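Here is the structure we will look at.
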Amino acid sequence: MKQEETKRYESFKREFFHWFLAFSGDEPFSVAAGELLVMLKEELALQQAVLYLFDPSCDAFCPEAAAGRMPAAELIVAEEKQEIVVIDDGGPCIVVRLFFLLSEETRAMLELMYGKERHIDREWLKVLRTDLSSLFRKLSALSQRTSEENRYEQLHRFAAKIHSTMQIDDVLEEIIRTLQNVYPAFTYHLLLSHDNHVCGNLPIKTLALDESEGQPAALRAFLTGQVQCEETAAPPRSVLYAPIKGVQAVYGVIQIIAPYAAPFPKREINFISLLAGTAGRALENAKLYEQSRRLVADLQLINDTMRQLNARPRLCEAIEYMVSQIKESFGADEVGFFLFADGKRELLRGSTPFFYNDLSALYVEWVEARLLSGNDILFAGDVRTSDFGPFRSIMAAPMMQNKEMKGVCIVLAYETYRFTFEMFKLLQSLVQHSTLAFMNAILREELEKLVVTDYLTKLYTRRYLDEAIQKSMEEDALGSFLLIDIDNFKQINDTYGHQTGDDVLVQVAKMIRTNIRDGDIAARWGGEELAVYLPKVALLDAIAIARRIVEKVREHTVPSVTVSCGLSSWRRHDHDDAEQLFKRADAALYMAKETGKNTIFVHDGDHLYRG
């Protein structure tokens, strides 16, 4: 080794000692290496000194640091059998390249440029290579340790922050912020399932749960709970998928994209795994907290709903309330309640208008097919509009009582994935609890109908008729009353028997019902006598209705029978009461029976005449 080179090298060591005493260790490796190369250039009287690191994506050495200005993207292709010291004196200067390992994973090369007048001793270069490789390795390890400390300090802050919040949005936002701080050159996405809450402007994508949708590595990470890596050549990049894993489940996947096609170092994978695991446990806690709050809210909703339903004894009112509650709570667009009875499907009044449209049949048939197949998951988030109508989200809940299906509630929305699985379960609970209230309302209405309905004819009872007339006389301006008697009814019983007589009564009652308005009241007056009250109907209109009834009975009963009819009316200024109304109609009926039957007589208060 020449004496001059030895002196220069000793001077470099002294300068390095002073530099190292002032070295903070906070600088990135490339900056610290650049400062070291500046000293090396000055003390060894070099024209330039450049440190290269091997990039496996291009199979070449790329400049990492230099003494001064960095070479303009100069790449040096690696050779299969590389000498540790290479001297090239064919150019304007002598170029010396010293190859060494910066770490177990990273190859490095130090390029020193000497003037042409310098004499180069290969043995001295080997000593220089040994010392400088050790120096750069220690400098790299020190920078790496500092970097690791900074990263783990960030991880500690990240853990403290996300575990102090119970908001899912805050946890997801902090994951991205921490990754951006640690790896500013990388790209990130959070791959979450449809049931996960999505917030703000975070880089969130839907996790495809089907390999055909192009996310096989992400899906493997989600299903196995293990980190997955893949490299692509076009474009050149490395992608890491870290599962966001809690104690109970995996809640999503962090996708990290590096702009080079080289495997992630093991230490990076370990750090990212720790970060994803910490995030998973915090996300799980936030979800459990949110779930507990949602359960409390769901129970409150069920309790409030049941209280409101119990305050609405009419079935129509109960259905209308449930429809509005479901639309508000689930963001639904259409809600329909169907009742199954005697092998038929009945749409309950109070359902939204769409279910009265023929287009609804496709959705109803889809639900019924799944019910018949025994499938209790009546839930779909993205049905094809070509197969159905405009609604993309469907959920339905059967109305069960004593293990018997009484009906079904169908809920629709235009938006895809509008309903979560938690919403579906809540709907099931709501419908299950409300079914008893619906069935009670149906039974109550049936009992009320039985109380005011004649068992044989299904017409109203005399008592109900009396109450209806009394109410009409208090509220209306006028009305008409028909008293109808089946002619020769005893002869029907004697000739055909009482069962046929009953059947004739039923036939006549049906003729009366089909020839009056919904608001008119037909009742069984007693025996073979029937009555009809026509609120707000004048006398002349009532005569026309009575004629139609008499005609229809004569033409359509089997065996053929006729009826006689007595008719009366009232007006408010006449100061009539129900008793007078009945007496006039009875007198008119008596006259119709006495003058040959099968006819109508009218008593207008002053005169009695054929109608």
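The shown structure was predicted, so the numbers you read here are calculated from the model rather than taken from an experiment.
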Checklist entry - Counting heavy atoms not belonging to R349, are there more than 12 under 6.0 Å from its CZ? => result no
Checklist entry - Sequence neighbours excluded, which residues qualify as side chain to side chain contact (heavy atoms under 4.5 Å, CB included) partners of L359? => result F354, N357
Checklist entry - Using 4.0 Å as the upper bound for N to carboxylate O, is an ion pair formed by E415 and R418? => result yes
Checklist entry - Who are the side chain to side chain contact (heavy atoms under 4.5 Å, CB included) partners of K266, not counting sequence neighbours? => result E105, N270
Next on the checklist: Is it true that, when you exclude E328 itself, more than 12 heavy atoms of the residues, nucleotides or ligands shown sit nearer than 6.0 Å to its CD?
Outcome noted: no
Item to check | CA sep, side-chain torsions, deciding dist, call: Q180, Y188, side chain to side chain donor-acceptor pair (under 3.5 Å) | outcome: CA-CA 8 Å; Q180 288 172 340; Y188 318 94; over 6 Å; no
Checklist entry - Any sub-3.5 Å donor-acceptor pair from D333's side-chain atoms to Y414's backbone N or O? => result yes
Checklist entry - Quick one: CG on L190 to CD on Q255, what's the gap to the nearest 0.5 Å? => result 9.5 Å
Next on the checklist: Can you tell whether the side chains of R463 and D466 come within less than 4.0 Å, N to carboxylate O?
Outcome noted: no
Item to check | ring-ring contact (aromatic ring centres under 6.0 Å, His included) partners of residues 431-455, not counting sequence neighbours, each pair once | outcome: F337-F438
Checklist entry - Within a strict 4.5 Å, meaning less than it, do heavy atoms of the L430 and T305 side chains meet? => result yes
Next on the checklist: Keeping T514 on the side-chain end and M511 on the backbone end, is there a donor-acceptor pair under 3.5 Å?
Outcome noted: yes
Checklist entry - How close do V323 and S351 get, heavy atom to heavy atom, and via which atoms? => result CG2-CA, 4.2 Å
Next on the checklist: Within the structure provided, determine whether I545 and I549 are in side-chain contact (heavy-atom separation under 4.5 Å).
Outcome noted: yes
Item to check | Geometric class of the W525/F582 ring pair [parallel <30°, tilted 30-60°, perpendicular >60°] | outcome: perpendicular
Next on the checklist: Within this structure, what is the CG-CD distance for the pair L240 and E230, rounded to the nearest 0.5 Å?
Outcome noted: 10.0 Å
Next on the checklist: As an exercise, state the distance from CZ of F391 to CD1 of I410, rounded to the nearest 0.5 Å.
Outcome noted: 12.0 Å
Item to check | Residue pair I272, V227: steps toward the side-chain contact (heavy atoms from CB on, under 4.5 Å) verdict | outcome: CA-CA 9 Å; I272 294 169; V227 172; over 6 Å; no
Checklist entry - Could you go step by step and tell me if Q308 and D304 meet the side chain to side chain donor-acceptor pair (under 3.5 Å) rule? => result CA-CA 6 Å; Q308 292 292 335; D304 292 344; over 6 Å; no
Checklist entry - So does E368 pair up with R345, basic N to acidic O under 4.0 Å? => result yes
Checklist entry - Say you draw a straight line from CG of N402 to CG of L436; how long is it, rounded to the nearest 0.5 Å? => result 9.0 Å
Checklist entry - Which atom names give the shortest non-hydrogen contact between A279 and I175, and what distance separates them? => result CB-CD1, 3.4 Å
Next on the checklist: Test: ring-ring contact (aromatic ring centres under 6.0 Å, His included). Region: residues 292-316. Which pairs qualify, not counting sequence neighbours?
Outcome noted: none
Item to check | Least distance between heavy atoms, V239 atom then R237 atom | outcome: CG2-NE, 3.9 Å
Checklist entry - Do R177 and E174 meet the salt-bridge criterion of a basic N to acidic O distance under 4.0 Å? => result yes
Item to check | Steps toward side-chain contact (heavy atoms from CB on, under 4.5 Å) verdict (L192, I204) | outcome: CA-CA 7 Å; L192 305 176; I204 294 176; 3.9 Å; yes
Checklist entry - V431 versus Q428: any side-chain heavy-atom pair under 4.5 Å? => result no
Checklist entry - So, do V537 and R517 sit near enough that their side-chain heavy atoms are less than 4.5 Å apart? => result yes
Next on the checklist: Any heavy-atom pair between the side chains of L505 and R524 that's under 4.5 Å?
Outcome noted: yes
Checklist entry - Just by modelled atom types, is the V247 backbone N or O under 3.5 Å from a matching donor or acceptor in the E284 side chain? => result yes
Item to check | Backbone of Y417 reached by a side-chain donor or acceptor of S393 within 3.5 Å | outcome: yes
Checklist entry - Hey, does L309 have a side-chain heavy atom less than 4.5 Å from the side chain of M306? => result yes
Checklist entry - ring pair (Phe, Tyr, Trp, His ring centres under 6.0 Å) with Y460: which residues, sequence neighbours excluded? => result Y464
Next on the checklist: Give me the atom names and distance for the closest heavy-atom approach of A218 to V253.
Outcome noted: O-CG2, 3.7 Å
Next on the checklist: I'd like to check L581 versus M473 (side-chain heavy atoms, cut-off strictly below 4.5 Å). Are they in contact?
Outcome noted: yes
Next on the checklist: List the residues meeting side chain to side chain contact (heavy atoms under 4.5 Å, CB included) with T453, not counting sequence neighbours, and say none if there are none.
Outcome noted: K449, K458
Checklist entry - Just wondering, do D541 and S480 contact through their side chains at under 4.5 Å, heavy atoms? => result no
Next on the checklist: Donor-acceptor pair, distance only, cut-off 3.5 Å: does the side chain of S472 make one with the backbone of A468?
Outcome noted: no
Checklist entry - When rounded to the nearest 0.5 angstrom, what distance separates CD1 in I326 from SG in C409? => result 4.0 Å
Next on the checklist: Tell me whether the count of non-hydrogen atoms from other residues, nucleotides or ligands lying under 6.0 Å of CZ in R572 goes above 12.
Outcome noted: yes
Checklist entry - Hey, is the main chain of N515 close enough, under 3.5 Å, to the side chain of R548 for a donor-acceptor pair? => result yes
Checklist entry - Minimum heavy-atom separation for V250 to G225, with atom names? => result CG2-CA, 4.2 Å
Next on the checklist: To check you understand the geometry: which heavy-atom pair defines the closest contact between P535 and D520, and what is its length?
Outcome noted: CD-OD1, 3.6 Å
Checklist entry - How far apart are the C-alpha atoms of E334 and T352, what are their side-chain angles, what is the distance that settles it, and do they pass the side chain to side chain donor-acceptor pair (under 3.5 Å) test? => result CA-CA 6 Å; E334 302 289 345; T352 53; 2.6 Å; yes
Next on the checklist: Looking at Q401, is its backbone amide N or carbonyl O close enough to the side chain of K406 to form a donor-acceptor pair, meaning the two atoms are under 3.5 Å apart?
Outcome noted: no
